[in-house]
Amino acid sequence: MTILCYHAVDPDWTSPMSVAPEYFAAQCAWLARRRAVVPLSESLSRLDSSGRLPRATAALTFDDGFRSVYDHALPVLSRHGLPATVFLVAQTLTTAGQGVDWVDTPPTYELKTLDMDQVKEMQAAGVSFESHSYSHADLTALSFEDCVRDLRDSRELLETLLGHPVTLLAYPRGRHNESVRAAAQRAGYTHAFTLPEAKEAPGPYAVPRVGLYRGNSLTGLRVKSARPYLTLRTGLPYELLRRGRRATAGVHR
Ligand SMILES: [Zn+2]
């Protein structure tokens, strides 16, 4: 199994980024029955050299901190006792705030993000929160210094608001390059998560996740969460992986 990535769970937003609540509920019921869903922080020590978790294990993550995760995902997660991690855009939690200006296919109504009361309630229910950058900029378009500043500002603000160290980062849109990975390390993160669209080598600053999108069926979940799927996406030959960590040590960055 692997680390799964959702965005919104919204009945009205018909975007690939928004899984319908009934699909989400069915996927969680299946995961609760068939898989060991572990907290993301716990999963990190169990990743193999290709960024995969042990067989039949999964971790759940949500990018962007959409309000719909509070409205439609939290009740389902709580019902099944499933741990999850939400990656927040720090600026959305400032007094000035930030509207959702980073989605390609917005609905006709305003997309809302979580407020601190909801974050605290979710924390109390066992959901953990980490960083999705400060302003959801394309980090690959920033200079190294600006990238470090954005990621550090996010970490420091979230640590103040959440009251615990923030060490995990999900790159906006999963986009990263060598400079962005170095900036994430410089800004104080221990791991950063991607959404590979093409073959890419995994490492602590490129931990692959598999995105789940609107319309993905239970079969889709099974296929996407299988170990060979991630192997295909990260471009590492399965036979090489089976020979263990030493054989693949060279792929780390
Ligand atoms: Zn995002």
Side-chain angles (χ1 to χ4, degrees), residues 2-10 12-20 24 40 51 59-74 84-94 97-107 109-115 118-119 122 127-142 146-155 157-158 161-162 166-177 180-181 183-184 187 189 191-198 200 205-216 224 233:
T2 188
I3 301 171
L4 301 171
C5 175
Y6 290 91
H7 289 82
V9 181
D10 189 327
D12 302 317
W13 186 22
T14 53
S15 158
M17 290 174 70
S18 170
V19 172
F24 181 76
L40 184 63
L60 294 177
T61 68
F62 296 82
D63 281 7
D64 298 342
F66 288 120
R67 179 78 53 95
S68 64
V69 175
Y70 174 84
D71 291 332
H72 298 287
L74 179 63
T85 295
V86 176
F87 289 100
L88 295 166
V89 179
Q91 190 168 232
T92 63
L93 293 165
T94 60
Q98 176 184 354
V100 177
D101 54 7
W102 61 81
V103 301
D104 295 332
T105 52
Y109 52 92
E110 185 192 358
L111 281 173
K112 290 196 163 71
T113 49
L114 298 167
D115 64 30
Q118 291 159 341
V119 168
M122 292 173 79
V127 176
S128 65
F129 291 90
E130 300 285 346
S131 170
H132 194 38
S133 84
Y134 189 78
S135 60
H136 211 284
D138 177 355
L139 300 178
T140 63
L142 301 181
D146 286 347
C147 190
V148 171
R149 190 175 306 116
D150 178 288
L151 296 179
R152 187 174 280 152
D153 286 351
S154 175
R155 184 176 60 72
L157 177 61
L158 292 174
L161 293 173
L162 298 168
V166 170
T167 57
L168 308 181
L169 167 70
Y171 300 120
R173 297 171 186 262
R175 301 191 71 173
H176 63 102
N177 57 26
V180 170
R181 293 190 294 273
Y189 297 91
H191 295 82
F193 299 85
T194 70
L195 275 171
E197 288 177 358
E200 64 175 42
Y205 293 92
V207 181
R209 295 178 299 168
V210 171
L212 285 163
Y213 301 102
R214 198 175 194 83
N216 284 154
K224 285 189 163 197
R233 302 279 280 197

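Only a predicted model underlies this, so the values are computations on that prediction, with no experimental measurement involved. Here, residue 1 is the first one in the sequence, and each next residue gets the next number. Order of appearance sets the numbers: ligands from 1, and atoms from 1 within every ligand. Computation of the quantities below employed the complete heavy-atom set of this structure, encompassing side-chain atoms and omitting hydrogens, waters and symmetry-equivalent molecules.
- Judged by distance alone, the side chain of Arg67 and the main-chain N or O of Thr113 form a donor-acceptor pair under 3.5 Å.
- A side-chain donor-acceptor contact under 3.5 Å links Tyr189 to the backbone of Leu151.
- Of all N/O/S atoms in His136, NE2 sits nearest the Zn ion (ligand 1).
- Arg209 places no side-chain N or O within 3.5 Å of a backbone atom of Gly174 that could act as its donor or acceptor partner.
- Looking only at N/O/S atoms, Asp64 comes nearest to the Zn ion (ligand 1) through OD1.
- Because the distance cut-off is set at 2.8 Å, His132 qualifies as a neighbour of the Zn ion (ligand 1) through one of its N, O or S atoms.
- Smallest separation of non-hydrogen atoms from Glu130 and Leu168: OE1-N, 3.1 Å.
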